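Report on one structure; see the data block that follows.
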Protein chains: 2
Amino acid sequence: MKFDDKIPIYLQIQNYLDRQIISGELAPGDRLPSVRQLAVDVTANVNTVQRALSEMIDEKIIVPQRGRGNFVTVDVDLIAQLRLKLVDEQFALVYDQLRALNFSDSEIIDKFVEYVKDRGALNE
Amino acid sequence: MKFDDKIPIYLQIQNYLDRQIISGELAPGDRLPSVRQLAVDVTANVNTVQRALSEMIDEKIIVPQRGRGNFVTVDVDLIAQLRLKLVDEQFALVYDQLRALNFSDSEIIDKFVEYVKDRGALNE
DNA sequence: TATAGTGTACTAGTTAACTAATACAGTTGG
DNA sequence: CCAACTGTATTAGTTAACTAGTACACTATA
């Protein structure tokens with residue numbers, strides 16, 4: 001896994017897992033790879049993986065079972081909530097930045113639509 | 001200045017200055033506050049400010065003059081280029097994230113437009 | 001019931017970011 | 001000229017993130 005060395009690795013691991021869960025690649029109730037396997041997968045240390053997980057465990061997104069593994073919560077509401085939170089955070093970032101640059105709302109929308117059209121071009 | 005402790009302070013200072021320059025609060029040729037004053041303004045150390053500046057100096061956005069101060073470049077093309085770069089980076093972040101969440105392009109646009117409408121409501 | 005695979009905890013050491021303090025070099029205005 | 005302001009450099013110490021290695025508690029299965 002390629003890391004952005006400006007952002008703590010444990011946060012990037014969280015984001016990676018969040019995306020897997022929200023996109024459904026990791027379904028509710030699914031078992032995650034073991035912490036040791038995850039460490040190999042993302043080329044990080046077990047401790048770093050554990051740190052990423054521990055916060056997600058606090059949020060109850062992941063439920064650990066000693067000796068068995070870590071599991072995705074079966075609380076689909078919680079997952080939906082996580083999805084909303086992530087999307088909202090992303091939007092807030094761009095929006096605040098561009099407002100600080102004195103863009104108007106309509107400019108922001110126009111430019112973003114333009115960007116997506118340039119990037120996508122292939123998706124429905 | 002309130003910092004996000006997940007992002008290096010020197011990067012946040014850069015972003016702060018970038019925004020001032022792009023929005024025009026700091027015009028081409030303007031003198032920046034002294035490094036010591038900036039350190040006070042953003043509540044950081046002189047060295048941290050200097051580190052933020054040194055990268056911007058490398059990019060020629062800021063031109064230092066020993067004994068006189070730091071000045072915003074008079075190269076307006078360079079500033080326009082910086083503006084484009086910042087906007088593009090922001091858009092790329094959201095877009096990549098949401099694509100990774102299996103959103104389609106049209107969904108991304110729809111949700112973003114909705115978000116801006118909810119946030120703005122007051123701007124033309 | 002062993003053995004191998006789990007999560008978890010702890011200690012130790014490295015590195016980058018940051019702070020603090022000092023010093024030096026160049027510029028400007030009285 | 002000199003005092004007060006600039007940018008710049010250096011050294012030293014702190015902290016958080018990360019790595020590495022080890023150990024322990026628990027679970028499943030052969």
Side-chain angles (χ1 to χ4, degrees), chain A residues 1-18 20-21 26-75, chain B residues 1-18 20-21 26-75:
Chain A
M1 180 164 169
K2 46 179 162 28
F3 291 113
D4 176 352
D5 61 359
K6 301 304 183 190
I7 305 174
I9 296 176
Y10 75 95
L11 289 181
Q12 299 182 55
I13 296 174
Q14 284 181 4
N15 186 265
Y16 167 73
L17 292 175
D18 280 344
Q20 297 243 321
I21 293 172
L26 282 174
D30 273 3
R31 216 205 79 178
L32 274 65
S34 76
V35 288
R36 289 168 181 82
Q37 185 57 49
L38 268 179
V40 172
D41 291 349
V42 303
T43 59
N45 189 271
V46 174
N47 300 318
T48 307
V49 170
Q50 191 62 38
R51 169 158 190 188
L53 290 180
S54 70
E55 296 194 7
M56 300 178 71
I57 291 169
D58 288 346
E59 297 167 0
K60 308 208 187 299
I61 296 295
I62 288 178
V63 181
Q65 292 189 34
R66 205 188 184 89
R68 299 193 62 229
N70 288 296
F71 297 82
V72 176
T73 182
V74 292
D75 184 342
Chain B
M1 180 166 171
K2 46 178 165 27
F3 291 114
D4 175 351
D5 61 358
K6 300 304 184 189
I7 305 174
I9 295 176
Y10 76 94
L11 289 181
Q12 299 182 56
I13 296 174
Q14 283 183 3
N15 186 265
Y16 167 72
L17 292 174
D18 280 344
Q20 297 243 322
I21 293 172
L26 282 174
D30 275 2
R31 217 204 78 179
L32 273 64
S34 76
V35 288
R36 289 168 181 82
Q37 185 56 49
L38 267 178
V40 173
D41 291 350
V42 304
T43 59
N45 190 271
V46 174
N47 299 319
T48 307
V49 170
Q50 190 61 37
R51 170 160 189 187
L53 289 180
S54 71
E55 295 192 9
M56 298 178 71
I57 291 169
D58 289 345
E59 296 167 0
K60 306 208 189 301
I61 296 293
I62 287 179
V63 181
Q65 292 190 35
R66 203 189 186 90
R68 299 193 61 230
N70 288 295
F71 298 82
V72 177
T73 181
V74 292
D75 184 342

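Each chain gets a letter, A, B and so on, in the order its sequence line appears, and its residues count up from 1. Computed from a predicted structure; not experimentally measured.
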Inset, instruction - Report yes if at least one side-chain N or O of Thr48(A) is closer than 4.0 Å to OP1 or OP2 of dT19(D); otherwise report no. - result: yes
Inset, instruction - Would you check if Val72(A) and Leu32(A) make a side-chain contact, meaning some heavy-atom pair closer than 4.5 Å? - result: yes
Inset, instruction - Quickly work out the Gln12(B) CD to dA17(C) P distance and round it to whole Å. - result: 13 Å
Inset, instruction - Can you figure out which of dT19(C), dA17(D), dG7(D) approaches the side chain of Lys6(B) most closely? - result: dA17(D)
Legend entry - Heavy-atom side-chain contact between Lys6(A) and Leu11(B) under 4.5 Å: yes
Inset, instruction - Quickly work out the Leu38(B) CG to dT6(D) P distance and round it to whole Å. - result: 11 Å
Taking only distance into account, with no hydrogens and no angle test, what donor-acceptor pairs under 3.5 Å do side-chain atoms of residues 49-56 of chain B form with protein atoms, sequence neighbours excluded?
from, atom 1, to, atom 2, distance (Å)
Arg51(B), NH2, Tyr10(B), OH, 3.4
Ser54(B), OG, Arg51(B), O, 2.9
Glu55(B), OE1, Gln14(B), NE2, 3.1

Inset, instruction - Send over the distance from Ile7(B) CD1 to dA17(D) P, rounded to a whole Å. - result: 13 Å
Legend entry - Shortest side-chain distance from Tyr10(A), nucleotide among dG7(C), dT19(D), dA17(D): dA17(D)
Inset, instruction - Take the protein atom CZ of Arg31(A) and the nucleotide atom C1' of dT6(C), then report the distance between them rounded to whole Å. - result: 7 Å
Legend entry - Backbone N/O of Asp4(B) and side chain of Gln12(B): donor-acceptor pair under 3.5 Å: yes
Legend entry - Side chain of Arg66(B) - closest among dC10(C), dT8(D), dA17(D): dT8(D)
Inset, instruction - Report yes if a side-chain nitrogen or oxygen of Ser54(A) is closer than 4.0 Å to either non-bridging phosphate oxygen (OP1 or OP2) of dT8(C); otherwise report no. - result: no
Legend entry - Phe3(A) CZ to dA17(D) C1', straight-line distance once rounded to whole Å: 12 Å
Legend entry - Distance test, side-chain N/O of Asn47(A) to OP1/OP2 of dA20(D), below 4.0 Å: no
Legend entry - Side chain Asp5(B) and base dA16(D) donor-acceptor under 3.5 Å: no
Inset, instruction - Output the single nucleotide from dT8(D), dT19(C), dG7(C) whose closest atom is nearest the side chain of Ala44(B). - result: dT19(C)
Inset, instruction - Calculate the interatomic distance between Ile62(A) atom CD1 and dT8(C) atom C1'; express it in whole Å. - result: 15 Å
Legend entry - Atom pair CG/CD1 of Asp41(A) and Ile13(A) - distance to nearest 0.5 Å: 10.5 Å
Inset, instruction - May I have the distance from Asp30(B) (atom CG) to dT6(D) (atom P), rounded to whole angstrom? - result: 16 Å
Legend entry - Distance-minimising heavy-atom pair for Val74(A) and Pro28(A): CA-CB, 4.0 Å
Legend entry - 5' precedence on DNA chain C between Gln65(B) and Gln37(A) (nearest-nucleotide basis): Gln37(A)
Legend entry - Check: dG7(D) base within 3.5 Å donor-acceptor of Arg36(B) side chain: yes
Legend entry - Listed nucleotide nearest any side-chain atom of Val35(A), set dT8(D), dT6(C), dG7(C): dG7(C)
Legend entry - Presence of Ser34(A) side-chain N/O under 4.0 Å of dG5(C) phosphate oxygens OP1/OP2: no
Legend entry - Residue Pro8(A), side-chain heavy atoms: nucleotide from dT6(C), dA17(D), dT19(C) that is nearest: dA17(D)
Legend entry - Gln50(A) CD - dC10(C) P separation (whole Å): 12 Å
